[in-house]
Amino acid sequence: MTVNVAMIDGSTSRLDDELLEALQTQFRGSVVSPADPGYEPEPRPSWNAMHADRPGLVARCSGTADVVDAVNFARANNLLTAVRGGGHSVAGLSSINDGMLIDLSGMRAVQVDPERRLAHVQGGAVLGDMDRETQAFGLAAPSGRVSDTGVAGLTLGGGLGWLNNKYGLACDDLVEAQVVGADGQVRTASADVNPDLFWAIRGGGGNFGIVTSFTFGLHPVGPIVAFVATFYPLEDAADLLRGWRDYALAAPDEVTAFAGMITFPAAPGMPEVIHDRPVIILAGLHSGDAEEGMAAMRPLREMGTSLFDMSQPMPYTMAQSGLDGLFPRNVLRSYWKSQYMDEFNDDAVSAVARLAQDRPAPMTMVNMFHIGGAVHAVGPEETAFAERSAPFMVSVDGNWTDPAQDADNVAWVRSSWDGLRKYGNGGVYLNFGGRSDEPMREGVDTAFGRNLRRLAEIKAKYDPKNFFQINNNIVP
Ligand SMILES: Cc1cc2nc3c(=O)[nH]c(=O)nc-3n(C[C@H](O)[C@H](O)[C@H](O)COP(=O)(O)OP(=O)(O)OC[C@H]3O[C@@H](n4cnc5c(N)ncnc54)[C@H](O)[C@@H]3O)c2cc1C
């Protein structure tokens, strides 16, 4: 049987049995094409239903050796190749049609060394895998806010979550990584070994190789932490956002505050008063003592007349998965756009509040992030992740389900983002970038700024032919 797979130059490669068998012989995972019974269902489909894919060949890796073989095979045959960690790319950067997919979803082991406070996390683990293991020792690494998001893509692109202000971005907490390069070589990246590669993967995305293992430093967190999520009517958003802003700017670094605006679904287990109701949720997590944390975040709960308040001390893992229900995999069609703000002045507050009330789809969100403390303590050139001073970020997250509404929703996000542009500092968060007909490089120049040149040089050293090109692409 012959398998047809898209090549980098746009043509199609016909891979015959003999060639595939040579790959399959040593492979401990599986290598499948559309004709194989094991091809469907995909173990970890793309999160964004707008980027559902159909690869011509899938290498489901069981470990680093499989990843090496898959990379060597793809390179030798000039195959267009995508890499999937958690599959949560909003832009569909782990989705591919006809080309080869190197899928790490079977590589999700996490091993914690409690004495040295380190976690070794395989490249296909999701945040929930990591939190489950680290919390067994009362430890945690900064990550994100939805437990099904991949550790890999989130960390390589930065990593904004509930521990940012105290412990930094996810990438700031990385102490070592094992990286399979475009040449099939396995390298260690750390402050001492291949420091240029280590610098580049802390923010520079999947451009430099496939990370098969991350080693993170861990911090004592929980197991019970103070978590605040207070639901208010969306009509009151302007006043509430002003209060939230002032609170966030003065709050201790233990608190990372967030404000989300959405029409809350009629979720079983949640009170009817917020069913199908446009709301603004003022939220925060305090990473220290739970009682102290509840006291420190009290103002977020008393900023107006709330509809519902689910704030309480809770297991850290529960807080980390509290938003999961809003983001089912392979259901929502999504297009997001973000921008950093050097200040969130009253004009910007009014514009964001107005925008939130104008959302075209109930699941579309307008979100405000407060970023400071440990994120700002790292210099803009210390890691590839360049944005180290803006205290706020706004993200316009278009989410809908009907394919017929793709164009309208994409257009709404674009025009909303343009409208907010005058309040932003020009920087975007690449992990929150959506893609419709944009080129792969969209936003890359502005996101990396003065770090782009050094990134391009490191790309030229480790991936001169741009083998890893389905990502926020840095051209060598
Ligand atoms: C519902 C939802 C919630 C989110 N919440 C947050 C949040 O709270 N904070 C935040 O910062 N971001 C968040 N994000 C954005 C998220 O960080 C990015 O989408 C990220 O790219 C997802 O990583 P992944 O491994 O799941 O993605 P994938 O789709 O698997 O990959 C994304 C990119 O990383 C590359 N890649 C994946 N694995 C590897 C690897 N092992 N080695 C090298 N390259 C690899 C891929 O090739 C691709 O270019 C969220 C996204 C969604 C959809």
Side-chain angles (χ1 to χ4, degrees), residues 44-51 53 61 64 67 71 81-96 101-105 107-108 121-128 142-164 169-171 177-182 189 200-201 203-214 256 258 260 320-336 338 363 365 367 369 371 375 385 393 395 397 399 429-435 440 463 467-474:
R44 187 174 281 170
S46 163
W47 176 81
N48 187 347
M50 200 162 72
H51 295 293
D53 60 348
C61 303
T64 300
V67 174
V71 167
T81 304
V83 178
R84 181 163 303 162
H88 254 216
S89 170
V90 184
L93 296 176
S94 63
S95 297
I96 190 159
L101 177 66
I102 301 182
D103 179 1
L104 274 67
S105 62
M107 294 171 57
R108 54 194 290 183
V121 181
Q122 274 191 310
V126 295
L127 306 186
S143 60
R145 291 185 169 85
V146 173
S147 75
D148 195 30
T149 302
V151 170
L154 177 130
T155 303
L156 296 169
L160 290 171
W162 292 119
L163 301 180
N164 284 161
L169 299 170
C171 70
Q178 185 179 70
V179 187
V180 177
I201 61 171
N207 276 284
F208 308 94
I210 301 182
V211 178
T212 51
S213 170
F214 295 86
T256 300
F258 166 86
Q320 282 286 94
S321 50
L323 294 173
D324 284 10
L326 296 178
F327 298 107
R329 189 179 281 267
N330 203 20
V331 172
L332 295 174
R333 307 175 73 78
S334 295
Y335 181 85
W336 303 2
S338 68
M363 293 306 290
M365 295 187 80
N367 294 324
F369 296 77
I371 304 164
V375 179
F385 194 91
M393 188 181 78
S395 181
D397 299 357
N399 299 310
Y429 181 39
L430 288 177
N431 269 350
F432 284 174
R435 197 160 54 88
M440 214 61 93
D463 184 15
F467 172 76
F468 297 110
Q469 59 178 254
I470 302 190
N471 45 42
N472 290 302
N473 198 232
I474 295 162

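Quick note: numbers below take in every heavy atom, side chains included, and nothing from hydrogens, waters or symmetry partners. Read the numbers this way: they start at 1 and go in the same order the structure lists the ligands and their atoms.
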Arg44 and Asp103 ion-paired at < 4.0 Å: no

Pro45 backbone acceptor or donor facing Arg329 side chain under 3.5 Å: yes

N/O donor-acceptor pair under 3.5 Å between Asn330 side chain and Trp47 backbone: no

Closest heavy-atom pair and its distance - His51, Ser95: O-OG, 2.8 Å

Phe369 and Phe432 aromatic ring geometry - parallel, tilted or perpendicular at 30°/60° bounds: tilted

Pocket residues of ligand 1, ordered first by chain and then by residue number (heavy-atom cut-off under 4.0 Å): Trp47, Val83, Arg84, Gly85, Gly86, Gly87, His88, Ser89, Val90, Leu93, Ser94, Leu104, Gly123, Gly144, Arg145, Val146, Thr149, Gly150, Ala152, Gly153, Leu154, Leu156, Gly159, Leu160, Gly206, Gly209, Ile210, Val211, Phe327, Trp336, Tyr429, Asn431, Phe432, Ile470, Asn471

Full working for side-chain contact (heavy atoms from CB on, under 4.5 Å) between Phe385 and Leu169: CA-CA 9 Å; Phe385 194 91; Leu169 299 170; 3.4 Å; yes

